[in-house]
Amino acid sequence: MENPHTLALTLVLALCLGADAVNPGFVVRLTQKGMDYARQEGMTVLQQQLSKIHMPDFSGSTHVKHLGKVKYSFYRMRVRSFQLPNSQISFVPGTGLKLTISGAFIQVDGTWRVSYHHISTHGGFDLKVEGLSISVGLKLGSDGSGRPTIAPSDCSNHIGDVHVHISGKFGWLADVFRHSIEKDLRNAIEKQICPLVSDSITSKLEPLLQTLPVTAKIDKVAAIDYSLTGPPPVTADFVDVQLKGEFFIFANRTTPPFSPPALSLPVDHNLMVYFGVSDYLFNTAGYTYQSAGKLTFTVTDDMIPKDFSIRLNTSSFGTLVPQISKMYPNMLMKLVISSVSAPYLTIKPENLTISPVMDLKAYAILPNSSLASLFDLKLTTTAAVKIGVTSGRIVGTLDLSRV
């Protein structure tokens with residue numbers, strides 16, 4: 001089973017993919033169930049990362065009865081615990097996502113200092129922030145290179161309670177105006193949360209997305225382009241991940257002589273993820289390998305199973321064409337099968353149809369290993385595959401016809 005964190009990251013990253021006027025070759029639909037799974041795994045990672053954030057120093061002053069103005073500062077603050085018990089992620093039609101966190105708890109410790117006239121004292125403190133709620137809007141898109149983009153569209157937060165426990169030799173002095181400190185700390189933290197969230201998205205997540213590859217090398221000949229075709233279409237129930245899904249020659253990319261057809265998925269959204277594949281993906285693969293001259297295959301007798309009764313020699317073929325065995329008796333043969341044109345696949349709801357045009361050349365292998373041409377056939381075959389599901393298993397039937 002895949003690492004759940006890897007799957008969650010995959011799902012989250014996939015949210016940043018989409019389509020505009022260009023039809024995709026491959027589509028992934030993420031539903032609310034899929035997002036809920038990603039949220040559960042993502043919150044674990046987020047909680048770990050938030051525990052590492054740096055809390056800036058905080059200072060201020062207050063007026064204390066009978067004492068006057070007293071200055072205070074809190075520094076060397078360190079997050080000891082960051083709990084995110086409740087979270088929710090939802091789709092925002094036409095925009096992206098809304099992440100809501102409620103009931104969050106933060107525990108921080110550090111050092112305090114109080115100054116009154118020429119008197120200064122310090123000690124330690126424990127800070128507990130309870131009932132923290134955060135709501136962040138995320139706008140999903142793509143740039144000109146087909147890489148995903150993400151930006152904060154809105155942010156709000158609220159803190160339920162702040163409690164400070166002050167210790168030290170003269171901790172009682174700071175404790176005199178503890179309630180004033182708690183109020184100021186609460187306001188200060190509320191002002192810092194959304195800028196911190198926005199900065200984390202723009203300075204950490206967005207640059208990471210810009211390093212993502214949008215093509216992958218398949219072999220020495222071909223590569224595939226899975227860049228985004230535009231901002232993701234988002235509805236109240238799902239977001240469609242729309243990828244280009246185009247094969248091309250790695251060393252010399254050219255534009256295929258055909259365009260991707262429209263690709264639609266069923267409106268059903270009961271599962272976590274749905275996949276849609278256009279025939280464009282397969283046809284660009286066929287076009288690529290055909291253009292590179294790689295759709296040529298050689299068949300010799302040693303490639304045929306030993307227990308197979310028909311052998312690739314002139315004796316076996318002589319039963320069909322007697323002249324072959326008379327002209328080249330008891331000789332091995334070689335078949336060279338090549339594609340005359342790029343195979344073209346058509347995907348319909350009821351079946352898959354492919355009609356390859358092939359050239360079949362047969363040779364006799366002479367004693368000196370040279371080849372003698374026997375015959376040359378041009379074959380056009382239409383193969384239709386019907387696919388279904390029976391008892392949870394994918395089954396299919398194949399229908400062949402020759403022209």
Side-chain angles (χ1 to χ4, degrees), residues 4-5 7-18 29-53 55 79 81-108 127-141 148-163 185-206 208-209 231-241 269-273:
H5 289 175
L7 179 58
L9 178 60
T10 303
L11 292 174
V12 172
L13 291 179
L15 289 173
C16 300
L17 314 181
R29 171 167 293 175
L30 299 176
T31 68
Q32 187 62 57
K33 287 184 178 180
M35 287 307 305
D36 287 340
Y37 177 82
R39 172 189 55 80
Q40 291 173 7
E41 299 300 330
M43 283 297 107
T44 302
V45 178
L46 178 61
Q47 185 168 294
Q48 294 172 350
Q49 294 300 316
L50 289 176
S51 298
K52 302 175 184 178
I53 64 173
M55 297 286 291
V79 177
S81 177
F82 205 130
Q83 302 296 324
L84 305 173
N86 303 308
S87 62
Q88 181 180 1
I89 192 166
S90 57
F91 296 114
V92 179
T95 302
L97 304 172
K98 173 75 74 172
L99 174 63
T100 303
I101 299 172
S102 60
F105 170 82
I106 309 174
Q107 185 173 4
V108 179
L127 169 67
K128 293 182 180 180
V129 179
E130 300 174 339
L132 170 62
S133 61
I134 307 173
S135 178
V136 183
L138 301 174
K139 181 176 177 60
L140 306 176
T149 62
I150 185 170
S153 58
D154 59 82
C155 179
S156 62
N157 71 91
H158 175 74
I159 294 176
D161 293 297
V162 173
H163 301 286
L185 277 173
R186 174 178 174 173
N187 293 334
I189 294 174
E190 283 185 336
K191 290 180 181 179
Q192 293 172 4
I193 288 177
C194 280
L196 178 64
V197 171
S198 298
D199 180 67
S200 297
I201 295 172
T202 56
S203 65
K204 295 182 179 180
L205 181 56
E206 178 66 18
L208 175 63
L209 296 178
V234 184
T235 72
D237 299 311
F238 56 81
V239 55
D240 276 347
V241 176
H269 46 80
N270 293 323
L271 302 179
M272 290 197 303
V273 184

[atom1]-[atom2] distance between [X] and [Y], expressed to the nearest 0.5 angstrom:
X	Y	atom1	atom2	value
Leu132	Gln83	CG	CD	12.5 Å
Ile101	Ser133	CD1	OG	9.5 Å
Ile134	His158	CD1	NE2	12.5 Å
Asn157	Cys155	CG	SG	6.0 Å

Test item: [X] and [Y] side chains (from C-beta on) under 4.5 Å apart, heavy atoms:
X	Y	answer
Thr149	Leu140	no
Val129	Val108	no
Leu97	Met35	yes
Val234	Val92	no

Side chain to side chain donor-acceptor pair (under 3.5 Å) partner of Asp36, the single match among Lys33, Gln40, Gln32: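 Running side chain to side chain donor-acceptor pair (under 3.5 Å) over Lys33, Gln40, Gln32 with Asp36 returns exactly one hit, Gln32.
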Where do [X] and [Y] come nearest, in terms of heavy atoms and distance?
X	Y	value
Pro93	Ala236	CG-N, 3.8 Å
Leu138	Ser153	N-OG, 3.7 Å
Val239	Phe91	CG1-CE2, 3.6 Å
Thr202	Pro152	CG2-CD, 4.0 Å
Met43	Leu84	SD-CD1, 4.2 Å

Qualifying residues under salt bridge (charged side-chain N to carboxylate O under 4.0 Å, His left out), relative to Asp161, sequence neighbours excluded: none
Non-neighbouring partners of Lys98 that pass salt bridge (charged side-chain N to carboxylate O under 4.0 Å, His left out), sequence neighbours left out: Asp154
Identify every side-chain donor-acceptor pair in residues 185-196 under 3.5 Å, counting partners at least two apart or on other chains, and give the distances.
unit_1: Arg186; atom_1: NE; unit_2: Ile159; atom_2: O; d: 3.2
unit_1: Arg186; atom_1: NH1; unit_2: Gly160; atom_2: O; d: 3.4
unit_1: Arg186; atom_1: NH2; unit_2: Ile159; atom_2: O; d: 2.8
unit_1: Asn187; atom_1: ND2; unit_2: Lys183; atom_2: O; d: 3.4
unit_1: Glu190; atom_1: OE2; unit_2: Ile159; atom_2: N; d: 2.8

With a 3.5 Å distance limit and no angle check, can you tell me whether [X] reaches the backbone of [Y] through a side-chain donor-acceptor pair?
X	Y	value
Glu206	Ile201	no
Thr31	Met272	yes
Ser81	Gln107	no

Side chain to side chain donor-acceptor pair (under 3.5 Å) between Gln88 and Ser90, intermediate numbers included: CA-CA 7 Å; Gln88 181 180 1; Ser90 57; 5.3 Å; no
